There are 2 protein chains.
Amino acid sequence: MATKLTIDDIARLAGVSKATVSRAMNGKPDVDPATRERILSIVEKEGFKPSATAVGLAGRSHLISVLIPSMASETYIFDILRGVADVVTEAGYELVLYSVNENAQDNNRNTVIDRILTSKLSAALLAILPGQLGGHIAQLYKPDFPIVMIDDSEPPSDKMPWVGVRNSEGARKAVFHLYSLGHRRIAHVTGPLQRLCSRERLEGYRSALADLGLEYDPALVVSGEFSAPSGHAAALPLFNLPADQRPTAIFAANDFMAYGIIDAAHSYHLRIPEDIALIGFDDTSSSVHMQPSLTTVRQPFYELGQTGCQLLFSLLEQSRSGRFQAYGKSFSSFATMHAKDFKQVAAMPAHIYLDTELMVRKSCGADLPVR
Amino acid sequence: MATKLTIDDIARLAGVSKATVSRAMNGKPDVDPATRERILSIVEKEGFKPSATAVGLAGRSHLISVLIPSMASETYIFDILRGVADVVTEAGYELVLYSVNENAQDNNRNTVIDRILTSKLSAALLAILPGQLGGHIAQLYKPDFPIVMIDDSEPPSDKMPWVGVRNSEGARKAVFHLYSLGHRRIAHVTGPLQRLCSRERLEGYRSALADLGLEYDPALVVSGEFSAPSGHAAALPLFNLPADQRPTAIFAANDFMAYGIIDAAHSYHLRIPEDIALIGFDDTSSSVHMQPSLTTVRQPFYELGQTGCQLLFSLLEQSRSGRFQAYGKSFSSFATMHAKDFKQVAAMPAHIYLDTELMVRKSCGADLPVR
DNA sequence: TTGTACGCGTTATCAT
DNA sequence: ATGATAACGCGTACAA
């Protein structure tokens with residue numbers, strides 16, 4: 001059924017005014033418990049859901065805008081998005097998706113962002129914009145419109161709430177693991193160094209070498225572009241080194257470059273992992289299917305989305321003054337989350353770092369005898 | 001800037017009433033050209049954008065709801081979504097994303113769908129729901145709320161608008177190609193047969209065999225579940241056949257199963273493509289990176305999303321009575337699309353089939369001498 | 001051709 | 001504790 005039931009209908013059925021119905025549903029304190037109970041049961045029984053548009057017009061939007069890069073071949077965006085979507089849905093909110101063309105001029109970008117701000121459609125913004133795109137969001141910081149950034153962009157300012165991954169730690173896990181397997185000449189193929197995550201992984205690689213007492217050899221560090229072809233290209237100078245200077249292991253700054261390295265190894269008749277051990281970064285969904293299956297540093301993309309979204313809700317909670325109640329029992333899931341998590345959520349720090357996990361598979365040669 | 005500019009402000013600046021502003025912006029016929037020009041230029045100059053919420057409340061929602069499965073490990077959903085997002089954005093609409101849990105009870109599903117319908121937030125619905133999920137959408141057909149389904153679900157009724165792929169033709173391309181390379185014992189690993197796309201691919205396989213004068217051998221047809229492990233498992237009975245009955249080529253109903261088959265071949269010390277040629281289906285983004293790179297039947301996922309969305313807009317166009325104009329020059333992109341494409345778009349058929357494309361790579365052995 | 005007035009569903013404010 | 005009323009911003013009959 002579910003037709004054009006309005007708040008007036010409920011008010012009439014309950015014999016009260018619509019104001020009271022609204023109060024009851026939003027958990028305002030000043031409602032007689034008996035009245036509230038009666039109203040909520042009618043709401044429940046009739047299956048009344050407030051019109052999202054009307055709520056929005058009245059300044060209580062239940063929409064969250066989410067920005068993603070449109071060209072993203074990088075499939076992990078989807079995993080982040082799923083995390084976001086699940087939390088948004090759980091909270092009884094809706095998700096409005098905008099895709100931003102990375103190649104477009106600033107103009108285009110700002111158009112989208114303008115639209116989000118001026119349409120006043122949504123209550124907050126979650127930006128999943130890797131690389132340079134993110135910087136442009138920084139200016140948007142307004143006290144009444146919560147924004148959270150997810151991903152590897154540099155936190156543009158101390159004020160901008162931000163969720164990311166401990167890239168440096170992740171890189172260290174990879175290098176330590178290779179060391180434990182007996183490797184001493186460990187190469188690194190970096191990502192584009194204008195991106196913070198690339199620099200952090202490089203930094204982790206270097207600090208791990210230092211901690212292990214290994215010398216940093218510039219000949220063993222090649223930079224790529226996060227794509228498979230660039231990984232292939234980056235592998236060539238390493239493979240062309242004299243056998244006694246050639247690395248016995250490579251840590252690639254992402255999985256796609258590792259794919260390219262596998263391909264290059266084939267051309268050179270080098271076996272992975274017997275001749276060269278390999279570890280990637282990301283745990284892209286296909287990495288487990290590669291031949292050999294790719295050992296990699298897993299980023300918790302789904303959790304990244306969840307966490308970013310929770311942070312956003314906590315900011316929303318702060319900007320609205322402590323309301324945010326559940327819509328009767330029909331939204332009990334949100335009520336639960338609220339009761340359980342909110343005190344601590346409301347105290348969430350502005351910058352959150354999540355941990356990576358080393359996924360040990362075949363390409364690192366963990367099941368081979370230590371060299 | 002872009003602040004709280006309302007239609008009243010524009011009206012005041014133009015010295016007319018808000019009604020006239022509204023008419024001018026929506027391309028209503030009964031506005032003096034000079035007045036319209038003046039109003040639009042002011043709109044342009046001030047950068048006025050109507051509040052999306054208010055527009056929605058007034059019954060002119062610019063939101064499109066999109067349903068996707070939440071558990072989708074299947075990354076192609078994201079490609080479809082990008083196609084949808086780009087068309088939606090191009091049209092000056094916004095996209096509201098809902099993820100549906102496949103495993104949840106009907107209850108859960110209907111909750112989401114109910115929310116979409118009763119919140120009256122969006123003007124139309126695009127459902128990207130593979131498999132069984134799709135069936136539930138069928139009942140939703142209402143004349144005033146356009147719905148389009150994308151994907152492999154069976155078109156639930158003649159009335160339900162639907163966009164899909166020519167699965168049978170795609171399968172035929174694979175089999176014909178293998179035949180041209182000299183293969184005569186061609187096996188097929190099917191998807192789950194309760195899904196229409198699996199049955200269609202099987203049907204294409206059989207019809208191609210028939211056309212080529214090859215006998216259909218039930219021993220060469222094994223069913224899988226669209227996952228890599230199921231592909232691995234399905235390969236075993238084929239590899240265990242006596243050498244003279246063993247297939248020389250396998251056509252897998254999707255790429256993930258092909259990955260499993262590659263893995264199984266390793267265990268059996270069978271080389272791909274030298275001993276067994278392999279073709280998959282989908283062109284999942286990682287297939288090009290496999291070792292060997294996977295020859296596969298490409299589905300145009302991005303285009304699927306675009307087309308589905310265009311179909312949806314054409315239905316929207318039908319249900320609103322011939323309006324749908326551009327918002328002055330700021331939305332010129334949509335105006336362009338409108339002028340260029342709409343006549344034909346408005347005549348789009350309810351069911352649309354897109355073509356597949358055979359991507360020839362290494363795994364089929366196309367660069368080997370014909371057997 | 002243009003203006004007036006109402007409706008959409010909710011929340012805030014001020015009364016009671 | 002509850003009610004009445006005024007926004008919120010736009011589209012659109014209906015009137016002029």
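Chain letters run A, B, ... following the sequence lines, proteins first, then strands; residues in each count from 1. All values derive from a computational prediction rather than experimental measurement.
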Which part of the nucleic acid does B/Ser22 contact within heavy-atom distance under 4.0 Å: base, sugar-phosphate only, or nothing? base

Using whole Å, what does the distance between atom C1' of nucleotide D/dG9 and atom CG of B/Leu5 come to? 12 Å

Rounded off to whole Å, could you give me the NZ-to-P distance for the A/Lys18 and D/dA7 pair? 14 Å

Can you tell me if A/His62 uses its side chain to pair, donor with acceptor, with the backbone of A/Ala123 under 3.5 Å? no

Whole-Å distance, A/Ile10 CD1 to C/dG9 P, equals 12 Å

With a cut-off of less than 4.0 Å, is there a side-chain N or O of B/Arg23 near OP1 or OP2 of C/dG3? no

Hey, mind stepping through B/Val84 and B/Leu312 against side-chain contact (heavy atoms from CB on, under 4.5 Å) and telling me if it holds? CA-CA 10 Å; B/Val84 173; B/Leu312 194 64; over 6 Å; no

DNA chain C: 5'-proximal contact among B/Arg38 and B/Leu57 (nearest heavy atom): B/Arg38

With heavy atoms under 4.0 Å as the rule, sort B/Asp30 into base, sugar-phosphate or nothing. base

Touch check for A/Thr35, heavy atoms < 4.0 angstrom, all strands: base, sugar-phosphate only, or nothing? sugar-phosphate

Is a donor-acceptor pair below 3.5 Å formed from side chain B/Lys28 to base D/dT12, judging by atom type as modelled? no

Between C/dT4 and B/Ser17, is there an OP1 or OP2 to side-chain N/O distance shorter than 4.0 Å? no

Supply the atom-to-atom distance B/Leu5 CG to B/Ser51 OG, rounded to the nearest 0.5 angstrom. 12.0 Å

In whole angstroms, how far is the C1' atom of D/dA1 from the CG atom of A/Asn26? 17 Å

Could you give the NE2-to-P distance, from B/His62 to D/dG9, as a whole number of Å? 18 Å

With sugar-phosphate meaning primed atoms plus P, OP1 and OP2, does A/Val16 contact a base, only sugar-phosphate, or nothing at under 4.0 Å between heavy atoms? sugar-phosphate

Could you state the CD1-C1' distance from B/Ile7 to C/dC8, rounded to the nearest angstrom? 15 Å

Measure the CG-CZ distance between B/Leu97 and A/Arg82 for me, rounded to the nearest 0.5 Å. 12.0 Å

Here the distance between atom P of C/dT10 and atom CZ of A/Phe48, to the nearest Å, is 4 Å

Residue-phosphate contact under 4.0 Å: B/Ser51 side-chain N/O, D/dC10 OP1/OP2: no

